[in-house]
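Just so it is clear, the structure is predicted and the values come from calculations on it, not from any experiment. Just so you know, ligand 1 is whichever comes first in the structure, and atom 1 is the first atom listed for that ligand.
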Amino acid sequence: MCGIVGYIGYREAYPIVLKGLKRLEYRGYDSAGVAIYDGKNIQLSKTKGKVVDLENKINQKQAPKGTLGIGHTRWATHGIPNDINSHPHYSNSGDLVIIHNGIIENYTSIKKELVKRGYVFHSDTDTEVLVNLIEDVIKNENVKLGKAVQIALNQVVGAYAIVVFDKKKPDEIVVAKLGSPLAIGIGEGEFFVASDASPFIEYTTNAIYLKDEEMAIIRRQKGVKVRKIKDDSIVVPYIQELKLNLEQIEKGGFDHFMLKEIYEQPNVIKDTYRGRLLANEGIIRLGGLEDYIQKFLNADRIIIVACGTSWHAGLVAEYIFEDLARIPVEVEYASEFRYRNPVITEKDVVLAISQSGETADTLAAIKLAKSKGAFVYGICNVVGSTISRETDSGTYTHAGPEIGVASTKAFTTQITVLTLIALKLANLKGTISSRDYMNYLRELEVIPQRIETALKANEHIKDVAKVFKNSKNFLYLGRGYNFPVALEGALKLKEISYIHAEGYPAAEMKHGPIALIDEQMPVVVIAVNSNHYDKVVSNIQEIKSRKGIIIAVVTQGDTTVKAMADYIIEVPYTSESLTPLVTTIPLQLLAYHIAVMLNRNVDQPRNLAKSVTVE
Ligand code: AGP
């Protein structure tokens, strides 16, 4: 998830673009750059680091002058964060310059063809390929920029929001959108483009939000022409008057980043499996895994090291890997693993899971494992983070920046990657049938829609939250794949509402915790379709017979638990192995609403940091 900004009008572009990038830094902040047309040439400056680093780099010389400019703040998906991989990117001729938010899945095949035609590439990015594809179309088809963009994008597979201009035609910029957001601000004799309205809301409240597969040619004098990418047909755009303030725009209209990120989960799960899950072909393609697949297939065991929510994702992985791929797994708190002198051999694969890629305990666990000869594989959300550089290989989640301290979309995208790895191994080992393998791939592909359905219970969950917001203690119970989800649900509630909550395997109740049950103790039970369903029903009966209060997460249409529970929250039917991706959603929302009702600082809860980089 990157931030893109563009300006064409009568004012100096640089100050507008730079300030716009600062407004968009919440979208990505590992590198930044601007390109300003100064009337003769393109003044391009870019750097690894934050927008302020870019500003300092530019301030060392004359700030670029000109009334046409674009800027980008990056959240890397292809190519580590460095100056070369930062945007904007030139075409080979230096005439075109582009910024891009998204992922071009087929860039390698396009790049191969362009190299054959003599194009030279300086970065590792898919974006540099795109701008040269556009240039190639201009040359071969003898068309202008707008038409070339339309032709080029019909050859591209993936997601994008792009802004591109040609220094030979400095009275226009061309934008296009598929899967990533792009807003056009309509001023008086000036136009703005950006990932959201925050860079231009102070200049104009009139905006066009391009729809998927739409593009626009924006000219100083002639204004905005919107077209369909597929067939170049004209679109009559809807110009809306924005009512949101700056802060609301940054949060996408949500009250908190955490809620925005809960709702981003369908899209970021799609981004995470995009180009990696080819369900119809029965293919799972994970770049970081392909060269090391034998390490996993021949491993004596997989040791998962992580902390907090990432540790819960590791617990889910234990069920998935053992159940489907029949590979022994143990899950370790990194903070314990690093000090208990564990037995590790070269035959072990250590899997480190970390959203930030900077967690000190997880990093220490990795270093210990490597010192004992283990192969270490990382699952991180931040490209170029310390953990991602310390591991032997890895797979990035594409959750985008997670601003809320309470981890939500990181958790479900971690599980998505772990499921892809487990299914790939299970298929190669033949531990699941081809039929089951294909069914899992097809079901994984529709998980985003399942989550969309689960999110529809939000208002109902808010009502449930009202009832229990003053409870002093909660229990969360689950079995099998949903035992880790119970732990995660309890952690969410604890860390943002400050209410004590414990997660347990449902069967553990009779070994002590059932002594806690009374009318004051709400018990959240994950009671969706599973091999353990009947046993969970018995656990609910045990609790009810002791006057406990049950909030049950059930599969849509459930009548048995519905007749027993005090409150139910429905989620769509999902195969047991994939249920954590869906059952987590209501628990995130329940914690969120209770915390809001208690006036907690939801995005920055007390005592917590987003990344625990110290012991
Ligand atoms: C979860 O909501 C917390 N923010 C915390 O437990 C977090 O998951 C943990 O600190 C691990 O962070 P990491 O994934 O960045 O390594």
Per-atom contacts of ligand 1 with [X], taking only distances under 4.0 Å to non-hydrogen atoms:
X      : answer
Ser310 : 8 (O), 13 (P), 14 (O)
Thr309 : 1 (C), 2 (O), 6 (O), 8 (O)
Ala406 : 2 (O)
Lys492 : 1 (C), 2 (O)

Open item on the list: Given the ring of Tyr498, does Arg600 sit roughly above its face, with NZ or CZ under 6.0 Å from the centre of the six-membered ring and within 45° of the axis?
Closed with: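 No, Arg600 does not lie over the aromatic ring of Tyr498.
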Is a donor from one side chain sitting under 3.5 angstrom from an acceptor on the other, for [X] and [Y]?
X      : Y      : value
Tyr377 : Thr391 : no
Asn85  : Arg74  : no
Thr555 : Glu570 : no
His593 : Asn458 : yes

Which residue supplies the protein heavy atom nearest to [atom], what is that atom called, and how far is it?
atom                    : result
atom 10 (O) of ligand 1 : Val612 CG2, 4.0 Å
atom 16 (O) of ligand 1 : Thr359 OG1, 2.5 Å
atom 3 (C) of ligand 1  : Glu495 OE1, 3.5 Å
atom 4 (N) of ligand 1  : Val405 O, 2.7 Å
atom 11 (C) of ligand 1 : Cys307 O, 3.4 Å

Open item on the list: Just so I know, are the side chains of Leu477 and Ile540 near enough to count as touching, which here means a heavy-atom distance under 4.5 Å?
Closed with: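 When only atoms from C-beta onward are counted, Ile540 and Leu477 do not touch, as no gap falls below 4.5 Å.
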TODO: Determine, considering heavy atoms only, which of Ser407, Ala313, Ser385, Gly308 sits nearest to atom 6 (O) of ligand 1.
DONE: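 Comparing heavy atoms across Ser407, Ala313, Ser385, Gly308, the nearest one to atom 6 (O) of ligand 1 lies in Gly308.
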TODO: Scan for salt bridge (Lys or Arg N to Asp or Glu O under 4.0 Å) pairs involving residues 369-383, sequence neighbours excluded, and state none if there are none.
DONE: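 Of all non-adjacent pairs touching residues 369-383, those that pass salt bridge (Lys or Arg N to Asp or Glu O under 4.0 Å) are Lys370-Asp392.
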Contacts under 3.5 angstrom, residues 307-316 side chains, donor-acceptor by atom type, not counting sequence neighbours:
{"from": "Thr309", "atom 1": "OG1", "to": "Glu488", "atom 2": "OE1", "distance (Å)": "2.9"}
{"from": "Thr309", "atom 1": "OG1", "to": "Glu488", "atom 2": "OE2", "distance (Å)": "3.1"}
{"from": "Thr309", "atom 1": "OG1", "to": "Lys492", "atom 2": "NZ", "distance (Å)": "2.9"}
{"from": "Ser310", "atom 1": "OG", "to": "Gln414", "atom 2": "NE2", "distance (Å)": "3.0"}
{"from": "His312", "atom 1": "ND1", "to": "Glu488", "atom 2": "OE1", "distance (Å)": "2.7"}

Open item on the list: Taking 4.0 Å as the limit for heavy-atom contacts, which would you say applies to Glu358 with ligand 1: side chain only, backbone only, both, or neither?
Closed with: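 Neither part.
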Task: Under 3.5 Å: N/O of Thr362 near N/O of ligand 1 - done: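 No.
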